[in-house]
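Working notes, beginning with the structure itself.
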Amino acid sequence: MATAAATTSRTPSLLSCPSKLLYAAPNPTMITFQTQSHQNRFLRREFLSGIAITPILWNRPPLSEAREVEVGSYLPPLQSDPSFVLFKATPKDTPALRAGNVQPYQFILPPTWKQTRVANILSGNYCQPKCAEPWVEVKFEDEKQGKVQVVASPLIRLTNKTNASIEEIGSPERVIASLGPFVTGNSYDSDELIQTSVDKRGEQTYYTYVLETPFALTGSHNLAKATAKGNTVILFVASANDKQWATSQETLQAILDSFQV
């Protein structure tokens, strides 16, 4: 499928936030809106662009060092391939895991990658255990290779069926149409979808995607994997710009392939 042209009509995704929540952006280039409607628009934009960061709670680097310590210094090497380390999420890591809204997940990373902090407003901390909108679980990045993030969405946002599997929610195309804006950071066009596949691991089914996204805030190249478990849909995203993609495509694909719930 061809990559979307610059003239393609694009409709941004809307993300609702608590109407009474006030947030003061730490970045001096951001504007703190005083009206409720303006502030909600700001919070939606901040979620989709992923520009804010906050602490991850675990027995790893302290908050002040969260962006400075390579994961290879505290995560165990992958037994089958020591050139990667293994990240296994636990209830210590995110508010949703502590609340039981998300089942533990895992994936591999090159040891030189670093974890980035996820802002409280993006982490779902304020709305657990009954969040109505998606939130960011964890984020990691490497300036030379790209970045990955885990996004969780309440199942009710995609279907009214309790404990639905990813197949029961719909086709791979239908699922990415709903979650695409959380892959790109702004909006999604079906012409950006290059390839889809379905992977079955035990009782868990995963939809995987290859996207060429020239207008995305996350990067011009995106790989994604989605699955559903319990009352949550989990979306794993690996992103890169053109320079990163040229040298790290295989690494990002290996990271994506390793993700499982």
Taking C-beta and beyond as the side chain, do Tyr207 and Asp199 meet within less than 4.5 Å on heavy atoms?
no
Before you tell me yes or no, could you show the steps for Gln204 and Thr227 under side-chain hydrogen bond (donor to acceptor under 3.5 Å, both in side chains), namely the whole-Å CA-CA distance, both residues' side-chain angles and the distance that decides it to 0.1 Å?
CA-CA 8 Å; Gln204 199 71 25; Thr227 193; 2.7 Å; yes
Is Lys114 paired with Glu143 through a side-chain N to carboxylate O contact shorter than 4.0 Å?
no
What is the distance from atom CD of Glu137 to atom CG of Asp93, rounded to the nearest 0.5 Å?
9.0 Å
When rounded to the nearest 0.5 Å, the distance separating OG of Ser220 from CD of Glu212 is 7.0 Å
Please find the pair of heavy atoms, one from Trp135 and one from Ala96, that lie closest to each other, and give the distance.
NE1-CB, 3.4 Å
Measuring from Asn120:CG to Asn125:CG, what's the distance to the nearest 0.5 Å?
4.5 Å
Report yes if the side chains of Gln260 and Gln106 come closer than 4.5 Å at any heavy-atom pair, otherwise no.
yes
Please report the closest heavy-atom contact between Pro91 and Leu97, naming both atoms and the distance.
CA-CB, 3.7 Å
Is Tyr209 close to Pro172 at the side-chain level, that is, under 4.5 Å between some pair of heavy atoms?
yes
Is a donor from one side chain sitting under 3.5 angstrom from an acceptor on the other, for Asp81 and Ser83?
yes
Any chance you could lay out the side-chain hydrogen bond (donor to acceptor under 3.5 Å, both in side chains) test for Ser197 and Thr208, step after step, and finish with the verdict?
CA-CA 5 Å; Ser197 60; Thr208 60; 2.2 Å; yes
Straight-line distance of Thr112 OG1 to Glu70 CD, nearest 0.5 Å
5.5 Å
Could you go through Thr162 and Asn231, starting from their C-alpha distance and side-chain angles, then the distance that decides it, and tell me whether this counts as side chain to side chain contact (heavy atoms under 4.5 Å, CB included)?
CA-CA 7 Å; Thr162 303; Asn231 287 317; 3.5 Å; yes
Closest approach of Asn186 and Phe215, non-hydrogen atoms and distance?
ND2-O, 2.9 Å
Find out if a path of hydrophobic residues (ILVMFWY) with successive side-chain heavy-atom gaps under 4.5 Å connects Phe182 to Ile156.
no
On the 0 to 90° scale, with breaks at 30° and 60°, tag the Phe107-Tyr105 ring pair as parallel, tilted or perpendicular.
parallel
Indicate yes or no for a side-chain donor-acceptor contact from Ser123 to the backbone of Thr94 under 3.5 Å, with no hydrogens or angles considered.
no
Using modelled atom types only, decide if a donor and an acceptor are shared between the side chain of Glu168 and the backbone of Ser165 within a distance under 3.5 Å.
yes
From Leu75 atom CG to Leu78 atom CG, the distance as rounded to the nearest 0.5 Å
11.5 Å
Identify whether NZ of Lys or CZ of Arg in Lys225 sits under 6.0 Å from the centre of the six-membered ring of Tyr206 and within 45° of that ring's axis.
yes
I'd like to know whether Tyr74 forms a side chain to side chain contact (heavy atoms under 4.5 Å, CB included) with Val85, so could you lay out the CA-CA distance, the side-chain angles of the two residues, the decisive distance to 0.1 Å, and finally the verdict.
CA-CA 9 Å; Tyr74 58 88; Val85 296; over 6 Å; no
Can you check whether Val150 reaches Leu235 side chain to side chain, under 4.5 Å on heavy atoms?
no
So which heavy atom on Arg201 is nearest to which on Ser258, and how close?
NH1-O, 4.1 Å
Take Asp242 and His221, measure what side-chain hydrogen bond (donor to acceptor under 3.5 Å, both in side chains) needs, and give me the verdict at the end.
CA-CA 7 Å; Asp242 289 336; His221 302 272; 2.8 Å; yes
So, for Ser239 and Gln244, which heavy atoms are closest and what is the spacing to 0.1 Å?
O-OE1, 4.4 Å
Determine whether the aromatic ring centres of residues Phe140 and Phe87 are separated by less than 6.0 angstrom.
yes
Would Val148 and Leu109 satisfy side chain to side chain contact (heavy atoms under 4.5 Å, CB included), going step by step from the backbone distance to the final call?
CA-CA 9 Å; Val148 300; Leu109 290 165; 4.0 Å; yes
Ile169 and Val233: side chain to side chain contact (heavy atoms under 4.5 Å, CB included), yes or no, with the steps?
CA-CA 10 Å; Ile169 294 173; Val233 176; 3.6 Å; yes
Can a donor-acceptor pair be found, under 3.5 Å and without considering hydrogens, that links the side chain of Thr184 to the backbone of Ser187?
yes
Answer yes or no: is there a donor N or O on one side and an acceptor on the other, between the side chain of Gln145 and the main chain of Asp142, under 3.5 Å?
no
In Å, rounded to the nearest 0.5 Å, how long is the span from OH of Tyr188 to OG1 of Thr213?
10.5 Å
For Asp189, does its backbone N or O pair with a side-chain atom of Glu192 as donor and acceptor, under 3.5 Å?
yes
Heavy-atom count around Lys130 NZ within 6.0 Å, excluding the residue itself: above 12?
no
Under the 3.5 angstrom rule, does the side chain of Tyr126 hit a backbone N or O of Cys131 as a donor-acceptor pair?
no
Any heavy-atom pair between the side chains of Leu252 and Glu250 that's under 4.5 Å?
no
Between Ile176 and Thr196, is there a side-chain heavy-atom distance shorter than 4.5 Å?
no
Under a 4.5 Å cut-off applied to non-hydrogen side-chain atoms, are Phe236 and Leu223 in contact?
no
Give a yes or no answer on whether the side chain of Thr232 reaches the backbone of Ser153 with a donor-acceptor pair at less than 3.5 Å.
no
Give the C-alpha distance, both sets of side-chain angles, the deciding distance and a yes or no for side-chain hydrogen bond (donor to acceptor under 3.5 Å, both in side chains) between Thr116 and Glu141.
CA-CA 7 Å; Thr116 62; Glu141 69 178 19; 5.1 Å; no
Check: Ile234 and Val102 side chains under 4.5 Å, non-hydrogen atoms
yes
Nearest heavy atoms of Lys144 and Ser248, plus distance in Å
O-OG, 3.8 Å
